[in-house]
Amino acid sequence: MPELPEVETVCRDLDRMVKGLTICDVKINDPRVIRQDRAAFLKAVGGKKIIAVRRRGKALILDLDGSLLIVQLMMTGQLVVFPLEKKPVLARDARVVFGLSKNTTLVYNDQRLFGRLEVVRALEDHAHVRTLGPEPLGKDFSVERFFLALHARKTPIKPFLLDHRLVAGIGNIYASEILFKAGIRPDRRACDLKKSEVKRLHQAVRSVLAKAVALRGTSMRNYRDGQGQEGKYQKVIKVYGRDGKPCVSCGAMILKKVQSQRSSFFCGKCQQ
DNA sequence: ATTCTGTCCTGTAGGC
DNA sequence: TGCCTACAGGACAGAA
């Protein structure tokens with residue numbers, strides 16, 4: 001699932017729908033998604049008010065009174081809100097159910113159970129969040145910094161884009177889409193990219209992610225927003241999952257290559 | 001230090 | 001209709 005645009009969409013939905021509400025009761029149907037002592041988790045969230053909802057990379061942050069509930073949706077996690085007027089749907093992959101004030105229910109679904117929920121006191125206390133690089137849509141993500149980081153690495157650019165220490169929030173779908181937009185092959189070595197190519201790549205990171213946020217993310221299979229609805233970016237996907245089909249730009253066949261155990265998709269003519 | 005592999009899980013699509 | 005294999009929006013630990 002969820003890469004930056006999907007998490008940002010869920011974040012905005014939650015901020016609009018559950019901000020200011022209090023967590024009245026919590027039902028843990030599968031403790032495997034709770035990455036800390038279960039009793040400690042229940043004590044940390046029970047009776048707490050949700051002050052605000054934020055995002056950092058692919059992590060959702062719910063600001064509670066004096067603590068932070070960090071949610072990593074990983075591959076198949078969903079956070080769906082059922083307000084007063086909507087009857088909650090509890091499918092078999094509903095792993096945690098939060099009963100909130102105003103008769104609102106917040107359901108954490110996760111088919112594959114890779115997701116993680118953890119309460120910490122500060123962002124620096126979270127093992128994953130503390131290692132994140134700059135936000136790609138923020139000011140800290142500059143061409144200069146990006147160029148220096150790429151210049152030092154021999155690894156192929158595509159798997160490197162997935163490294164959250166380089167830049168936070170890019171996942172397997174958008175990595176391929178970004179490289180297509182930039183016209184760069186996924187197997188080029190990061191250090192071999194010319195300054196002009198890094199500039200194009202930097203621009204592509206921003207424009208692809210911004211457009212995906214505007215379209216509320218990509219629903220290939222599991223992803224749903226905070227209201228249980230699909231995103232729309234899959235309608236404008238150029239290469240991801242399109243191997244064997246014609247390139248939307250030149251008509252050549254889209255290719256697939258496995259790198260670091262993940263599939264990459266690209267056009268052998270448009271990307272050099 | 002960096003880079004790659006296997007692992008955590010469940011569900012579904014496609015081949016035979 | 002099955003059965004079997006491959007694969008899926010992520011992140012780690014461990015090994016090379």
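Residue numbering restarts at 1 for every chain, and letters A, B, ... go by the order of the sequence lines. Side chains are part of it too, since the values below use all heavy atoms of this structure and drop only hydrogens, waters and symmetry mates.
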(request) Decide whether a cation-pi geometry holds between A:Lys195 and A:Phe147; the criteria are a distance under 6.0 Å from NZ or CZ to the six-membered ring centre and an angle within 45° of the ring axis. (result) yes

(request) Find the distance A:Arg112:CZ to B:dT12:P and express it as a whole number of Å. (result) 12 Å

(request) Take A:Phe266 and A:Phe180, measure what ring pair (Phe, Tyr, Trp, His ring centres under 6.0 Å) needs, and give me the verdict at the end. (result) CA-CA 6 Å; A:Phe266 64 103; A:Phe180 176 77; over 10 Å; no

(request) Could you tell me the separation between the CG atom of A:Asp110 and the C1' atom of B:dC8, rounded to a whole number of Å? (result) 11 Å

(request) Specify the separation, in whole Å, of atom CG of A:Leu60 and atom C1' of C:dG10. (result) 14 Å

(message) With rounding to the closest Å, how many angstrom separate the P atoms on B:dC9 and C:dC4?
(response) 22 Å

(request) Mind calculating the distance between CG (A:Leu162) and P (B:dC4) to the nearest angstrom? (result) 12 Å

(request) Compare every heavy atom of A:Ala59 with every heavy atom of A:Val129, then report the nearest pair and how far apart it is. (result) CG2-CB, 3.9 Å

(request) Please state how far atom CG in A:Asp243 lies from atom P in B:dG14, giving the value in whole angstrom units. (result) 12 Å

(message) Is there a continuous path of hydrophobic side-chain contacts, each under 4.5 Å between heavy atoms, that joins A:Leu123 to A:Ile51?
(response) no

(request) Please determine if a side-chain N or O atom of A:Thr76 lies less than 4.0 Å away from the OP1 or OP2 oxygen of B:dG11. (result) no

(message) Can you identify which nucleotide, out of B:dC4, B:dT10, B:dT3, has its nearest atom closest to the A:Ser260 side chain?
(response) B:dC4

(message) Tell me the interatomic distance from A:Gln261, atom CD, to C:dC7, atom P, rounded to whole angstroms.
(response) 10 Å

(message) Check for me whether the distance between the ring centres of A:Tyr174 and A:Tyr233 falls short of 6.0 Å.
(response) yes

(message) Measuring from atom CD of A:Glu197 to atom CD1 of A:Ile157, what distance do you get when rounded to the nearest 0.5 angstrom?
(response) 10.0 Å

(message) Ignoring hydrogens, what is the shortest heavy-atom contact between A:Gly268 and A:Arg185? Give both atom names and the distance.
(response) CA-NH1, 4.3 Å

(message) Ring centres within less than 5.5 Å and planes less than 30° apart: is that true of A:Phe114 and C:dG10 in this structure?
(response) yes

(message) Could you identify the nucleotide paired to B:dC9, looking across every strand shown and requiring Watson-Crick or G-U wobble geometry with both distances under 3.5 Å?
(response) none

(request) Using only side-chain N and O atoms of A:Thr155, determine if any of them is under 4.0 Å from OP1 or OP2 of B:dT2. (result) no

Give me, pair by pair, the N or O atoms of the protein and of nucleotides 12-16 of chain C that are less than 3.5 Å apart, along with how far apart they are.
residue	atom	partner	partner atom	Å
C:dC12	OP1	A:His128	ND1	3.0

(message) Please determine whether a side-chain nitrogen or oxygen atom of A:Arg92 lies at a distance below 4.0 Å from atom OP1 or OP2 of B:dG11.
(response) yes

(request) Nearest whole angstrom, please: distance from the P of C:dG10 to the CD1 of A:Ile70. (result) 19 Å

(message) Using whole Å, what does the distance between atom C1' of nucleotide B:dA13 and atom CZ of A:Arg221 come to?
(response) 8 Å

(message) Strictly below 4.0 Å: does A:Arg32 bring a side-chain N or O up to OP1 or OP2 of B:dC8?
(response) no

